[in-house]
A.B. asks: 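I'd like to ask you about the structure that follows.
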Protein chains: 2
Amino acid sequence: MQTVLKALAHPMRRDILAMLRAAPCNASQIADKFDVTKPTVSGHLNILMDADLISQVRNGTTLTYHIRLSVLEETLGGLMGMFDIGNNNEKNGN
Amino acid sequence: MQTVLKALAHPMRRDILAMLRAAPCNASQIADKFDVTKPTVSGHLNILMDADLISQVRNGTTLTYHIRLSVLEETLGGLMGMFDIGNNNEKNGN
DNA sequence: ATAATAATTAGCCAATTGCCTAATTAGGTA
DNA sequence: TACCTAATTAGGCAATTGGCTAATTATTAT
């Protein structure tokens, strides 16, 4: 929860996630889209990895990154639960 | 979106919101619950105010804080929309 | 072994965060 | 006015964040 929300608190990281939502990408492809250097992208990818929001698959010299949607869903669900909003209106079983 | 997510990225601020979700409170009541000084709480409340996540109502010398649930809902909805998750499965009108 | 490419880690720096104490503002009351 | 309480703003400090360049690791190909 904490690491995920911290990861989501940076706009570039959200945009990276949105990009990976559309299709898996490698670090160079990502760096091409965002006007920063590769090491900067790598840093953001590390943070997203720590939050379990993405996973990586090596294919030769390139690492392809995939979004882990379930983690995103669980976190947003957890937040909604914390404030009792969104997930229909089955507030509490009696 | 950005200011809201930054505000949500701190656990004490989420806990303050959860407290206000249960009932409106003033700054002293909040400071009593969290083992930090009042100025620290005040700083967090400022950040939550900037994000429009709370509003304040003066009543004499005390300020009572209220959660603004709609902002929370819109932000979480926006996030879900950004990643196309959660809000049922009406993905796109054809 | 050497070279080339993909990507990372290391190290530096400015800006921000988060906390504290001290000082100030706002409102109510004797 | 003077005083008291609620709460904020001001200012300082250590830790974190987010960016960069330079150096390193990992894999493949010649």
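The structure displayed is predicted, hence computed values, not measured ones. Reminder, nothing fancy here: chain letters follow the sequence lines and each chain counts from 1.
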A.B. asks: Do Glu74(B) side-chain atoms and Val71(B) backbone N/O form a donor-acceptor pair below 3.5 Å?
C.D. replies: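 Here the side-chain-to-backbone pair does not exist.
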
A.B. asks: Tyr65(B) side chain N/O closer than 4.0 Å to the phosphate oxygens (OP1, OP2) of dT8(D)?
C.D. replies: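 Yes, such a contact exists.
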
A.B. asks: Rounded to the nearest 0.5 Å, how far apart are CE of Met12(B) and CG of Leu48(B)?
C.D. replies: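 So the gap between those two atoms works out to 11.0 Å.
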
A.B. asks: What is the separation between atom CG on Leu63(B) and atom P on dG27(C), rounded to the nearest whole Å?
C.D. replies: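 Roughly 9 Å, once rounded to whole Å.
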
A.B. asks: Rounded to the nearest angstrom, tell me the gap between atom CD in Gln2(B) and atom P in dT16(C).
C.D. replies: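 Those two atoms, CD and P, are 13 Å apart.
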
A.B. asks: Heavy-atom distance under 4.5 Å between the side chains of Ile16(B) and Lys33(B), does that happen here?
C.D. replies: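 Not touching, per the 4.5 Å side-chain cut-off.
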
A.B. asks: Report yes if at least one side-chain N or O of Ser28(A) is closer than 4.0 Å to OP1 or OP2 of dA7(C); otherwise report no.
C.D. replies: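 Affirmative; the distance criterion is met.
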
A.B. asks: Using heavy atoms and a sub-4.0 Å distance, could you list which residues of residues 3-15 of chain B are near DNA chain D? By number, please.
C.D. replies: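 The answer is none.
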
A.B. asks: Let me know the distance between CZ of Phe34(B) and P of dA7(D), rounded to the nearest Å.
C.D. replies: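 One finds 15 Å between P of dA7(D) and CZ of Phe34(B), rounded.
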
A.B. asks: Let me know the distance between CD of Gln29(B) and P of dA7(D), rounded to the nearest Å.
C.D. replies: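 Atom-to-atom, Gln29(B) to dA7(D), this comes out as 8 Å.
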
A.B. asks: Does any residue of residues 36-53 of chain A have a heavy atom under 4.0 Å from DNA chain D, and if so, which ones, in number order?
C.D. replies: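 Hits under 4.0 Å, by residue number: Val36(A), Thr37(A), Pro39(A), Thr40(A), His44(A).
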
A.B. asks: Could you go step by step and tell me if Asp15(A) and Met82(B) meet the side chain to side chain contact (heavy atoms under 4.5 Å, CB included) rule?
C.D. replies: CA-CA 9 Å; Asp15(A) 289 341; Met82(B) 182 169 182; 3.7 Å; yes

A.B. asks: Would Leu53(B) and Met19(B) show up in the same hydrophobic cluster when neighbours are defined by side-chain heavy atoms closer than 4.5 Å?
C.D. replies: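 Hydrophobic grouping puts Leu53(B) with Met19(B).
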
A.B. asks: Same hydrophobic cluster for Met49(B) and Val57(B), using side-chain heavy-atom links shorter than 4.5 Å among ILVMFWY?
C.D. replies: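 Result: no, two separate clusters.
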
